[in-house]
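Chain naming here is simple, since letters A, B, ... match the order of the sequence lines and numbering starts at 1 in each. When reading the values below, keep in mind they use all heavy atoms of this one structure, side chains included, and skip hydrogens, waters and symmetry mates. Quick caveat: nothing in here was measured; it's all calculated off a predicted structure.
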Amino acid sequence: MNIRWVFFIPLFIVNLHFQYHFKFMLESKLCQAVIKAVHALYGLELAEKDITLQKTRREFTGDFTVAVFPFVRASRKSPEITAAEIGQHIKDNIEEVFDFNVIKGFLNLSLSKIYWLQFLNNNFRQTDFGFTTSKENEVVMIEYSSPNTNKPLHLGHIRNNLLGWSVAEILKANGKNVVKVNLVNDRGIHICKSMLAWQKWGNGETPETSGIKGDHLAGKYYVLFDKNYKTEIADLIANGMEKESAEKQAPLILEAQEMLRKWEAKDDAVIQLWKRMNNWVYEGFEQTYTRMGIDFDKTYYESSTYLLGKSIVEEGLDDGKLIRKPDQSVWADLTEEGLDEKLLLRADGTSVYMTQDLGTAHLRYHDYQPKQMIYVVGNEQNYHFDVLKLVLKKLGYNWADTIQHLSYGMVELPAGKMKSREGTVVDADDLMDEMEKTAYEKALELGKIDDFESEDAKHLYYTIAMGALKYFILKVDPQKNMLFNPTESIDFNGHTGPFIQYTHARIKSLLKKALDEIKPADAEIEMLPKEKEIIRLLHDYPSIIKLAGEGRSPALIANYIYELAKEFNAFYQEITILKEENEELRNFRLVLSVFTSNIIKSAMGLLGIAVPERM
RNA sequence: GGUCCCGUAGCUCAGUUGGAUAGAGCAACAGCCUUCUAAGCUGUGGGCCACUGGUUCGAAUCCAGUCGGGAUCACCA
């Protein structure tokens, strides 16, 4: 028992900084050890980059593995002998390395039990383990959601919102000073369509009188506009007009365009209607965001940035950086950069999408001077962002390079891509309703909520429904298109959010029953392979957070935490914890459990997924 | 047609800067609840990592080409 004191006294004076770098320090130390060994043995100079240090695969003995093939030219010996010599050198010089073995040209290093136990004991209670707690001064701005105010949010927005929010959390965990912003596309012809249809056929209907959520109500009139517009086009074509002219001359579209002109001229009645309907929509959005657990630090409105965009363009024109065509439209010539010319102002002086984005970027830059501006926008807009950056550079804004487009793949339905016009959208609110309903039915079926108060039960299946939905979306690499099949509802078993939530609830239940006061693990216990595997996974967490931050990929967190939960479940099933009679072993397993539950909670938190105490 | 992205088990997806015998889940089949929560665990079957060539000690991963799928090249946003 003296051993314990020798080992554990120094652990309590370790500071946070050291703990965060626990893993990185070790990996770096091992790399340095390899470099020194290779230099001492063969006189070869290497940098850390030249060393491939990786976790030892499960089927071999060891913790970290170095491939020595790159060094055999210098050693002039077989890979086996080279590895053995390097291994011996490291074992003799690095105290954490307890043993080594060589298979083919792979050198497997085993760390001492003491190292792993120190790691556990230092960190198992920390709820922010793996997080960078010191905050950088420079701002990283991230934009996501960016809805139009003429229709409710759909599945595509769900992926966007969840990604943006999660990436923001992951960046915070990496010590970034993050500002989350939304950009609301609140002006333009699409809004006028909803407004016009409501004016014509709405009979004064409001969210209150109809009981319809505001964003859905606006969407209803947008659809109604489109329906009647199509009828008009069909009538005109039946009367012998070409399709193209029919689309341009249908009375409804002309009326909508007239409304947009009035809006730009600040016509009082139109502005009043616009404000009224947009406010309905904002209330609707707010409910959806809240339910989704999404929030923003700042909201920008296109209606208040498009004028700035226009003035930027005018300025560029005066400086001779842009060109005006005979019809008075204004363009950026990007042919030197390998792209086309891009329209920035129409002949009638009104602005386009790009114009307002120039204004928005400018405004944001001057509001926060961010080091980076990340835009979470679908990959269908890759070209738009290439152009945006080039135009800004052309205009002489050297901060154009701070813009980074976080381009994510489309959510596809079995029939193909979602299209609002074709009515093949999956509505966000409907989907969440559906998920909750399924979660409720499952819980009922399994008898999970029998002894819950009704409010608690409701909260539980909300938590599980959102867990299933969010995990389903976030576990996929953002870059890739993903498939969502509405008829096969999202699973609650297997590689899913509820699986991980369940693992957490199980651990919490276990800890509630534990009568012991949990203390640092004893140095003399023997670890089983499954226990060791869990520790190794826990040890990975900080580097996963770092990778996820650099790659802007919540999927890395999602897949990591699944691995951990799976490993813990296998351990839980096979090995008794509370009923273990050896007190030190029981304590050690409880330490593992506490640490695992903390990391599950922390990692799921980065995905925006709550974990229940029981389920 | 130009540019960009993708192609891994029947389906949905993982696969760290190139490393050892390519992994999960779902679906199918077979087991495990008088013992810490069975939304769990264990096992079986299922693969020319689209194809061809190249780089190298080593390629699902890098390069070139071919074939498939998607996006984009709007005075829509």
Side-chain angles (χ1 to χ4, degrees), chain A residues 49 51-57 59-60 65-67 69-70 72-73 79 103-106 108 146 148 150 185 187-190 302 327 329 331 338-340 342-348 350-354 356-357 378-384 386-387 407 409-410 412 416-417 439 442-443 445-446 448 464 468 472 475-477 479-485 488 491-503 505-514 540 543-544 547 551 555-556 558-560 562-563 565-566 569-580 589 593 614-615:
Chain A
K49 280 179 189 171
I51 315 289
T52 58
L53 185 75
Q54 57 196 315
K55 275 180 81 180
T56 303
R57 294 176 59 126
E59 57 267 37
F60 302 103
T65 296
V66 184
F69 301 104
V72 297
R73 193 166 295 170
I103 297 170
K104 296 184 190 171
F106 296 95
N108 300 319
S146 325
N148 291 341
N150 63 326
N185 295 313
R187 50 146 243 126
I189 191 76
H190 52 288
E302 186 190 325
D327 71 352
S329 58
W331 299 73
L339 302 179
D340 256 335
K342 180 74 192 176
L343 178 88
L344 297 177
L345 285 178
R346 295 188 185 101
D348 65 2
T350 56
S351 61
V352 293
Y353 181 45
M354 185 60 70
Q356 69 80 22
D357 243 8
N379 60 15
E380 56 194 349
Q381 291 193 32
N382 288 353
Y383 183 72
H384 172 79
D386 288 345
V387 173
S407 164
M410 301 289 96
E412 288 170 346
K417 196 192 156 188
K442 288 257 178 195
E445 186 187 317
L446 294 167
K448 291 285 183 184
I464 292 170
F472 178 84
K475 77 172 175 182
V476 181
D477 180 347
Q479 191 180 202
K480 292 188 176 173
N481 287 1
M482 62 177 294
L483 190 87
F484 174 75
N485 190 338
E488 299 169 14
D491 236 307
F492 289 78
N493 299 318
H495 188 182
T496 66
F499 170 89
I500 298 163
Q501 291 173 316
Y502 177 70
T503 308
R506 241 183 179 181
I507 297 174
K508 285 296 175 179
S509 159
L510 189 73
L511 295 176
K512 257 176 229 153
K513 287 183 182 159
D540 281 343
S543 63
I544 297 292
L547 281 173
L556 293 178
N559 288 300
Y560 163 77
Y562 172 66
E563 284 298 317
K566 199 168 139 61
N569 274 327
F571 159 73
Y572 177 93
Q573 203 81 22
E574 191 179 304
I575 297 159
T576 57
I577 300 171
L578 290 182
K579 299 210 163 127
E580 170 57 49
R589 289 173 187 162
S593 303
R614 62 181 183 133
M615 69 183 268

So what does [X] touch, heavy atoms closer than 4.0 Å: a base, only the sugar-phosphate, or nothing?
X	result
Met482(A)	sugar-phosphate
Leu345(A)	nothing
Ala505(A)	base
Arg614(A)	base
Phe499(A)	sugar-phosphate

Taking for each residue the nucleotide of RNA chain B bearing the nearest heavy atom, is the 5' side occupied by Thr503(A) or by Phe571(A)?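 Residue closer to the 5' terminus by nearest nucleotide: Phe571(A).
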Considering heavy-atom distances to RNA chain B, does Asn148(A) or Asp340(A) have its closest nucleotide positioned more toward the 5' end?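 The residue mapped nearer the 5' terminus is Asp340(A).
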Taking NZ in Lys512(A) as the centre, count heavy atoms belonging to other residues, nucleotides or ligands within less than 6.0 Å. Is the count above 12?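 Counting other residues, nucleotides and ligands, NZ of Lys512(A) exceeds 12 neighbours.
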Given the [atom1] atoms of [N] and [M], what is the spacing between them in whole Å?
N	M	atom1	result
C49(B)	G53(B)	P	13 Å
G31(B)	C13(B)	C1'	27 Å
A22(B)	C48(B)	P	13 Å
A50(B)	G68(B)	C1'	7 Å
C67(B)	G23(B)	C1'	27 Å
G69(B)	A74(B)	C1'	24 Å
C4(B)	U21(B)	P	35 Å

Between [options], which nucleotide gets closest to the side-chain atoms of [X]?
X	options	value
Leu483(A)	C75(B), C13(B), C36(B)	C13(B)
Arg346(A)	U37(B), C41(B), C75(B)	C75(B)
Lys579(A)	A39(B), U72(B), C36(B)	C36(B)
Leu578(A)	A77(B), C41(B), C36(B)	C36(B)
Lys442(A)	A39(B), A77(B), U37(B)	A39(B)

Identity of whatever pairs with [N] - Watson-Crick or G-U, under 3.5 angstrom:
N	result
U61(B)	none
C11(B)	G25(B)
G68(B)	C6(B)
C49(B)	none
G40(B)	C32(B)

In whole Å, what is the span from the [atom1] atom of [X] to the [atom2] atom of [N]?
X	N	atom1	atom2	value
Gln381(A)	A77(B)	CD	P	11 Å
Glu412(A)	G70(B)	CD	P	8 Å
Ile507(A)	U37(B)	CD1	P	12 Å
Arg73(A)	C57(B)	CZ	C1'	9 Å
Gln573(A)	U37(B)	CD	P	11 Å
Met615(A)	A39(B)	CE	P	8 Å
Asp477(A)	C13(B)	CG	C1'	10 Å

Between [X] and [Y], which heavy-atom pair has the shortest distance, and what is it?
X	Y	answer
Asn150(A)	His190(A)	ND2-CB, 3.5 Å
Tyr502(A)	Lys448(A)	CE1-NZ, 3.9 Å
Ala565(A)	Thr503(A)	CB-OG1, 3.7 Å

Below the 4.0 Å mark, does [N] have OP1 or OP2 next to a side-chain nitrogen or oxygen of [X]?
X	N	answer
Tyr560(A)	U16(B)	no
Arg506(A)	C41(B)	no
Lys342(A)	C73(B)	no

Using a cut-off of under 3.5 Å, enumerate the N/O to N/O pairs linking the protein to nucleotides 2-6 of chain B.
residue	atom	partner	partner atom	Å
C5(B)	O3'	Gln479(A)	OE1	3.3

Which is it for C33(B), anti or syn, if anything within 90° of zero counts as syn?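 Base orientation relative to the sugar is syn.
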Are the side chain of [X] and the backbone of [Y] linked by a donor-acceptor contact shorter than 3.5 Å?
X	Y	value
Asn559(A)	Ala555(A)	yes
Ser509(A)	Ala505(A)	no
Asn481(A)	Gly409(A)	no
Arg346(A)	Ser329(A)	no
Arg589(A)	Thr576(A)	yes
Lys475(A)	His495(A)	yes

Can you tell me how far apart OG1 (Thr65(A)) and CD1 (Ile103(A)) are? Round to the nearest 0.5 Å. 8.5 Å
What orientation do Tyr353(A) and His384(A) show, parallel under 30°, tilted 30 to 60°, or perpendicular over 60°?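 Tyr353(A) and His384(A): parallel rings.
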Using a 4.0 Å heavy-atom cut-off, write out nucleotides 17-29 of chain B from 5' to 3' as B (base contacted by protein), S (sugar-phosphate only) or - (no contact). B-BBS-SSSS---
Got a donor-acceptor pair under 3.5 Å from the side chain of Asn559(A) to the base of C13(B)?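 A donor-acceptor contact between them is absent.
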